[in-house]
Protein chains: 4
Amino acid sequence: MTPADQTPREDPSTITSQPRPATTGTRATSGRRSEAARLAVLNAADDLLVEHGFEALTIEGIAAAAGVAKQTIYRWWKSKVDILFDNLVLDAETALAWPEPADLRAYVHRYARFLAEQPAGQVLLALLGHAQLDRRTAELLHDGFLDGLRARDVTQVRELLGLDEEAAAVLLDALLAPLYHRVLVLRRPLDTDFVTAVLDTTLDQHLPR
Amino acid sequence: MTPADQTPREDPSTITSQPRPATTGTRATSGRRSEAARLAVLNAADDLLVEHGFEALTIEGIAAAAGVAKQTIYRWWKSKVDILFDNLVLDAETALAWPEPADLRAYVHRYARFLAEQPAGQVLLALLGHAQLDRRTAELLHDGFLDGLRARDVTQVRELLGLDEEAAAVLLDALLAPLYHRVLVLRRPLDTDFVTAVLDTTLDQHLPR
Amino acid sequence: MTPADQTPREDPSTITSQPRPATTGTRATSGRRSEAARLAVLNAADDLLVEHGFEALTIEGIAAAAGVAKQTIYRWWKSKVDILFDNLVLDAETALAWPEPADLRAYVHRYARFLAEQPAGQVLLALLGHAQLDRRTAELLHDGFLDGLRARDVTQVRELLGLDEEAAAVLLDALLAPLYHRVLVLRRPLDTDFVTAVLDTTLDQHLPR
Amino acid sequence: MTPADQTPREDPSTITSQPRPATTGTRATSGRRSEAARLAVLNAADDLLVEHGFEALTIEGIAAAAGVAKQTIYRWWKSKVDILFDNLVLDAETALAWPEPADLRAYVHRYARFLAEQPAGQVLLALLGHAQLDRRTAELLHDGFLDGLRARDVTQVRELLGLDEEAAAVLLDALLAPLYHRVLVLRRPLDTDFVTAVLDTTLDQHLPR
DNA sequence: CAATAACCGAGACGGTACGTCTTGTCTTGCG
DNA sequence: CGCAAGACAAGACGTACCGTCTCGGTTATTG
């Protein structure tokens with residue numbers, strides 16, 4: 001196992017992660033990995049992606065912006081995709097958490113806001129785009145994030161509405177497909193009215209009173 | 001206007017195109033553009049995309065495979081995206097034609113096959129992916145292809161079902177969103193059963209008997 | 001034969017070279033090699049070597065100083081050694097020419113001045129040093145320069161003094177060995193008195209009156 | 001004074017050295033320097049130099065081959081040159097010792113064998129080569145080895161042949177210059193016949209009976 | 001007989017330079 | 001003039017070592 005594989009990538013069936021060893025606090029410079037460097041890289045990559053886009057994002061640029069040596073990046077990540085992926089997993093954990101108490105309509109609205117407005121949403125869209133162009137990215141994104149996210153959501157919907165797995169998956173897809181379609185294909189804004197309309201139409205149809 | 005802009009890019013409101021000047025046949029060696037070189041480039045780009053993917057597609061590789069000088073490509077296209085776009089417009093014209101007589105269910109099935117199986121569908125998915133990463137690609141793809149395609153389809157649906165423009169657009173999106181979602185996000189096969197289920201569910205809902 | 005081999009490296013038995021195609025004058029940028037770039041690289045390498053030494057001489061530094069892209073250097077030379085070698089061959093042609101009329105004592109004095117004072121002598125000493133560390137450099141330097149130089153000098157000595165080849169070679173080595181020993185090993189100045197003493201001692205011994 | 005300066009480097013006027021503190025034997029891991037680590041580094045450097053050459057010799061490679069941490073090397077040596085230098089001083093002490101009873105012809109033959117065949121001779125030639133490229137190496141080699149060696153030999157020749165210092169130095173240089181010239185410049189073998197010829201010619205000339 | 005001080009291995013860190021690759025521009029010479 | 005050919009400046013790629021820096025884990029004297 002090469003060092004680049006040691007980046008903690010948790011169980012794909014969940015998106016909870018990072019039991020980071022609770023470093024002392026600031027500069028954990030030693031024989032072990034520097035938390036400061038890790039965070040600097042993740043943040044620099046995020047900032048540069050939002051500011052200049054995926055194409056203009058380079059390892060050299062990230063290294064320079066993070067004040068880190070290029071080799072420090074290559075030691076822990078294989079590519080800029082891996083860096084963005086780590087960012088995605090990190091941020092999605094909170095940004096895509098289910099509301100308490102569980103509420104499907106609120107969750108879909110939160111999902112829409114995540115896709116349309118939040119930096120981590122930008123990261124997901126960029127990775128989804130790149131996944132169309134690169135098999136490795138597609139596998140990483142699905143095995144490491146999307147599949148686990150969907151499994152979690154299907155379970156939630158099942159418990160919430162008392163559906164079987166098949167029906168819950170169909171309902172979830174029916175709710176999310178218009179969202180993804182609107183941002184990925186139509187490139188139109190995911191305003192609240194649209195999400196509400198999707199919810200009304202779809203829930204009426206799947207959950208007749 | 002630079003030479004690269006001279007590539008005939010027809011009215012965005014339609015996807016019909018290429019009244020190519022019916023070149024003599026073989027080697028159009030003269031003061032005017034070589035049809036042989038143009039086709040060699042388009043075909044080489046298509047082949048290389050299907051064979052090695054978008055990332056591995058380079059201008060130099062296309063030039064080499066087409067037996068054409070690099071500058072000949074740069075004279076007529078701005079980027080590999082433009083080459084693929086030309087291919088897309090060329091092929092989609094027939095692959096996404098409405099059946100005669102007009103039939104919505106047949107058209108959606110054809111659309112699904114286009115996305116899932118045909119080379120031009122691969123091109124569209126690659127360009128859609130790249131459009132998430134590059135604003136210029138997004139604009140070209142929408143202004144030059146997707147918007148016109150959608151306008152045409154909305155009109156067809158209106159005429160076919162007697163709906164107003166708003167309703168026709170909503171119906172069209174409801175039919176296509178699951179398709180795009182399934183290939184772009186879920187990466188699952190677009191089998192006939194799935195398309196039929198989408199059609200049944202959606203048409204029931206939107207067109208109550 | 002790769003481009004890097006095309007650098008004209010003439011017959012090893014002679015050190016005359018460079019029938020450069022007498023370029024038009026200024027910027028010969030075209031499908032053919034740029035004379036301006038070639039000279040800029042050679043001069044930059046020479047300057048940087050004299051100023052900062054062999055160790056500090058880098059391809060990137062030469063490229064920057066010459067205002068040339070790194071790849072332009074790699075296209076025509078394999079390494080900084082090759083660049084210095086070209087410089088050596090170029091300059092030695094005149095700096096180590098035999099005087100007219102041929103005069104052994106004058107030639108040895110000229111040789112000493114070449115080794116001790118001239119930039120091209122610095123280049124030769126650097127390459128001789130590097131040849132101790134790198135087999136490839138050793139072969140290049142001997143096959144491409146030293147062997148030819150020695151063959152030429154042996155012939156001159158034969159014709160001049162009427163010796164057979166063996167005797168001429170022994171005499172030449174006896175004259176040059178103290179020079180090289182003094183600069184390479186003793187690191188002491190090659191002053192005129194020393195060279196004269198070597199000539200007196202050695203010629204007395206080899207050419208008894 | 002930094003630790004790196006603590007490497008015992010004896011009086012330059014002599015090449016005798018190493019009153020090493022007679023360590024316990026095997027693993028002297030404690031507050032004081034580990035003799036095992038020191039020897040492992042010296043031997044690894046020697047082996048790697050002979051096997052792969054000076055250029056391919058790296059601190060990291062030596063550390064790995066010696067089973068030693070990089071920092072352990074940097075604690076005691078400044079560079080790979082310093083390591084090789086220590087090896088040279090260590091080995092030359094015996095390899096270049098004067099025969100008993102003192103015999104000039106035998107010593108020159110021994111010198112030739114040292115240069116041509118022995119590992120320590122390889123080290124000297126490599127350092128001599130590097131000294132042409134690096135001022136620091138030149139100073140270390142002369143101040144720490146060559147000058148002391150020459151002083152010792154001049155003294156020996158004086159005592160042996162009853163010459164004054166000037167004449168003894170000239171004779172010594174006359175004997176050694178052809179040897180160094182032959183290996184450094186001509187790259188030809190230092191066979192016994194050649195050395196004998198040098199001795200016959202030079203001694204005849206300098207010591208006429 | 002603990003405390004302490006220096007060495008040791010391990011290896012992450014910020015860097016420099018490497019040699020390769022592709023981009024997009026340019027110029028020549030042929031047809 | 002279009003075109004094949006290919007050199008050019010620019011700059012990102014991923015790799016190899018550099019020299020510096022903690023980190024823990026050993027001894028061996030010291031207090």
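In what follows, every chain begins at residue 1, and chains take the letters A, B, ... in the order their sequences are listed.
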Separation between [atom1] of [X] and [atom2] of [Y], rounded to the nearest 0.5 Å:
| X | Y | atom1 | atom2 | answer |
| --- | --- | --- | --- | --- |
| L42(B) | L84(B) | CG | CG | 9.5 Å |
| L127(B) | Q132(B) | CG | CD | 11.5 Å |
| F54(B) | Q122(B) | CZ | CD | 13.0 Å |

Problem - Selected nucleotide, minimal atom distance to R75(C) side chain, candidates dG15(E), dC8(F), dG2(F) - result: dC8(F)
In whole Å, I'd like the distance from the [atom1] atom of [X] to the [atom2] atom of [N].
| X | N | atom1 | atom2 | value |
| --- | --- | --- | --- | --- |
| D82(B) | dG24(E) | CG | C1' | 14 Å |
| L39(C) | dC8(F) | CG | C1' | 16 Å |
| E35(A) | dC13(E) | CD | P | 11 Å |
| D134(D) | dC18(F) | CG | C1' | 15 Å |
| W76(B) | dT25(E) | CH2 | C1' | 17 Å |
| Y74(C) | dA7(F) | OH | C1' | 18 Å |
| I73(C) | dA10(F) | CD1 | P | 12 Å |
| R33(C) | dG29(E) | CZ | P | 18 Å |

Handout entry: Toward the 5' end of DNA chain F, by each residue's nearest nucleotide, S79(A) or G67(B)
Key = G67(B)
Fill in the blank from the handout: Assert: residue with more 5' nearest nucleotide on DNA chain F, out of K80(A) and K80(D), is K80(A)
Practice task
Would you verify whether the NZ or CZ of K78(B) falls within 45 degrees of the ring axis of F85(B) while also being under 6.0 Å from that six-membered ring's centre?
Solution key: no
Problem - Over-ring placement of R33(C) relative to W77(C), 6.0 Å and 45° cut-offs - result: yes
Practice task
Can you sort out the partners of N87(D) under side chain to side chain donor-acceptor pair (under 3.5 Å), two or more places apart, ordered by chain and number?
Solution key: none
Exercise for the section: Could you identify which residues of residues 49-65 of chain D place a heavy atom less than 4.0 Å from some atom of DNA chain F, listed by residue number, or say none? Expected result: T58(D), I59(D), E60(D)
Exercise for the section: Could you list all the side chain to side chain donor-acceptor pair (under 3.5 Å) pairs where at least one residue sits in residues 62-73 of chain B, not counting sequence neighbours? Expected result: E60(B)-K70(B)
Problem - Inter- and intrachain pairs under side chain to side chain donor-acceptor pair (under 3.5 Å), touching residues 40-49 of chain D, at least two apart - result: none
Handout entry: Angle between terminal axes - the helix from dC1(E)-dG31(F) to dG31(E)-dC1(F), 5 pairs each end, rounded to 10°
Key = 10°
Problem - Short side-chain N/O contact from T72(A) to OP1 or OP2 of dG14(E), under 4.0 Å - result: yes
Handout entry: Phosphate OP1/OP2 of dG11(E) contacted by R32(A) side-chain N/O (<4.0 Å)
Key = no
Practice task
Check if the side chain of K70(B) and the base of dG24(E) share a donor-acceptor pair of N or O atoms closer than 3.5 Å.
Solution key: yes
Exercise for the section: Return yes if the base of dC26(E) and the side-chain atoms of Q71(B) contain a donor-acceptor N/O pair under 3.5 Å, otherwise no. Expected result: yes
Handout entry: Residues forming a side chain to side chain contact (heavy atoms under 4.5 Å, CB included) with A64(D), sequence neighbours excluded
Key = none
Handout entry: Electrostatic pair E139(D):R136(D) at N-O distance under 4.0 angstrom
Key = no
